[in-house]
Amino acid sequence: RTAAVLLAGGTGTRLYPASREDRPKQFLALGDDDRSLLRRTADRAGFADDLFVVTRDAYADRVRDEVPEATVLVEPEGKDTGPALAYAASRVADDAPDATMLCLPSDHVVGDGFRETAETAVDVAERTGALVTLGVEPDRPATGYGYVEPGADRGDHFEVAQFREKPDESEAERLLARDCLWNAGMFTWTPEAFLDAARAGPLAPVVSALETGGVADAFARADPVSVDYAVLERAGDVRVVPAGFDWDDVGAWDALERLLDGENAVLGDAATVDASGNVLASDDKHVSVVGANDLVVAAFDDRVLVVPKDDAQRVRELVAELREQG
Ligand code: GDD
Ligand code: MG
């Protein structure tokens with residue numbers, strides 16, 4: 001029995017102004033598909049026996065609209081993915097006994113072949129009692145991802161020699177040289193295996209508060225921490241199943257280039273003259289670029305962003321600045 005658990009509580013700042021705190025990345029329809037990333041994730045997980053979505057209060061109604069078939073677990077406060085998954089594990093253990101969790105971020109673009117890899121991974125988790133992650137073949141020393149170093153070959157998966165979350169660039173280069181894979185952020189484990197591993201780290205007070213029934217108490221006690229740092233980097237038995245599908249986290253605007261064909265990557269409506277390598281994204285606005293290359297122009301609501309494509313990651317700095325200004 002498989003219980004899919006979708007994580008849908010992140011804020012996704014680098015896709016400003018399409019992604020805003022009140023409308024984060026998972027609710028956007030990016031690329032050549034009308035469905036939101038969250039809806040696509042639910043469809044992709046359709047083979048699971050149970051479907052849960054963990055999210056924060058502010059997004060709960062939106063999630064219920066988009067994924068009416070799911071059980072929505074609402075966090076009292078957003079404390080990152082560690083506490084969110086501890087909460088989900090305790091609920092799955094209660095509501096769907098004997099189910100293995102298949103935990104999926106809701107803000108990724110995923111190609112064909114997902115189901116086969118996911119079913120293999122669930123099988124590995126059931127067979128071994130380990131924490132299992134899906135691994136993606138890297139193509140650059142990205143600093144925004146976790147890395148898994150494969151160890152012993154176990155046929156349909158590898159043992160994990162090392163799990164390293166968000167290394168700096170020189171460390172990422174070293175990890176690539178050791179044939180590491182990217183952590184796709186998609187995990188499978190039994191609730192018991194996860195809760196045992198979580199008890200050994202910074203989530204210990206959260207797990208023990210959940211056991212005595214207090215979700216509000218558990219989140220009040222929780223320090224914000226991602227599952228990668230809180231559990232995967234420390235766990236004794238982690239396994240990786242290499243992903244047999246295309247994958248992109250769509251972290252920042254430059255990622256659209258990888259999803260959309262053409263001289264310019266256009267999401268929405270645009271016209272160009274003597275312009276190439278641009279990412280042009282808009283809602284109901286028509287965007288034009290003349291004689292300029294390698295820019296991001298993003299126009300959503302009453303906001304326009306222009307940034308050189310190579311600086312697309314720096315939108316994070318802008319959003320921080322805007323927040324400060326209130
Ligand atoms: N419910 C809930 N609550 N969900 C959350 C929260 C929270 O407080 N914070 C983030 N999420 C959701 C996001 O919406 C997303 O779907 C997922 O959890 C992952 O969070 P991100 O914040 O996007 O993580 P990341 O991209 O920096 O890093 C993770 O994913 C990478 C691959 O995309 C890590 O697992 C990395 O190791 C991994 O490489
Ligand atoms: Mg992400």
Side-chain angles (χ1 to χ4, degrees), residues 4-15 19 21 23-28 30 36-42 44-45 52-60 62-63 66-67 70-89 91 103-110 131-149 160 162-167 172 175 180-188 203 206 215 218-219 222-233 235 238 240 243 246-252 255 313 316:
V5 174
L6 314 191
L7 288 159
T11 50
T13 49
R14 282 168 301 163
L15 290 183
S19 189
E21 205 148 349
R23 184 192 54 206
K25 191 165 67 152
Q26 55 271 28
F27 299 111
L28 304 178
L30 293 172
S36 71
L37 296 181
L38 172 63
R39 186 59 247 174
R40 279 180 237 177
T41 311
R44 205 182 302 128
F52 296 85
V53 182
V54 205
T55 193
R56 65 183 70 195
D57 198 33
Y59 308 151
R62 193 80 143 271
V63 169
E66 288 216 20
V67 196
T71 301
V72 180
L73 307 180
V74 180
E75 303 150 21
E77 330 170 34
K79 291 283 176 85
D80 213 325
T81 54
L85 284 174
Y87 176 31
R91 282 293 301 265
C103 308
L104 304 172
S106 57
D107 57 349
H108 292 176
V109 173
V110 173
L131 307 185
V132 181
T133 176
L134 306 196
V136 174
E137 201 65 55
D139 62 15
R140 58 185 189 279
T143 55
Y145 296 149
Y147 288 71
V148 283
E149 184 181 345
V160 170
Q162 186 198 171
F163 186 106
R164 182 80 167 76
E165 181 63 5
K166 296 191 173 58
L175 292 164
C180 287
L181 298 171
W182 280 335
N183 169 35
M186 303 179 183
F187 306 107
T188 167
L203 291 173
V206 179
V215 177
F219 277 81
D223 290 323
V225 63
S226 83
V227 67
D228 316 284
Y229 290 114
V231 183
L232 276 305
E233 274 198 341
V238 182
V240 62
D246 289 338
W247 174 89
D248 207 304
D249 173 279
V250 207
Q313 302 292 332
R316 199 198 294 274

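Side chains included, hydrogens not; waters and symmetry mates left out as well; all remaining heavy atoms used. In listed order, ligands and their atoms are each counted from 1.
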Problem set entry | Tyr145 N/O to ligand 1 N/O under 3.5 Å | no
Exercise. Taking distance alone, with no angle check, do His108 and ligand 1 share an N/O pair under 3.5 Å?
Worked result: yes
Exercise. N/O of Gly9 under 3.5 Å from N/O of ligand 1, yes or no?
Worked result: yes
For this session: Using a 4.0 Å heavy-atom cut-off, say whether Thr55 meets ligand 1 through its side chain, its backbone, both or neither.
Result: backbone
Exercise. Could an N or O of ligand 1 be found under 3.5 Å from any N or O of Phe187, whether backbone or side chain?
Worked result: no
Problem set entry | Under-4.0 Å heavy-atom contact between protein and atom 4 (N) of ligand 1 | yes
For this session: Would you check the N or O atoms of Val54, main chain and side chain alike, for any that come under 3.5 Å of an N or O of ligand 1?
Result: yes
Problem set entry | Within-cut-off N or O pair, Trp247 and ligand 1, under 3.5 Å | no
Exercise. Cationic tip of Arg62 within the cone over Phe27's six-membered ring, i.e. under 6.0 Å and within 45° of the normal?
Worked result: yes
Problem set entry | Atoms in ligand 1 with a heavy atom of Ala184 nearer than 4.0 Å | 32 (C)
Problem set entry | Phe163 N/O under 3.5 Å from ligand 1 N/O | no
Exercise. Is atom 22 (O) of ligand 1 less than 4.0 angstrom from at least one protein heavy atom?
Worked result: no
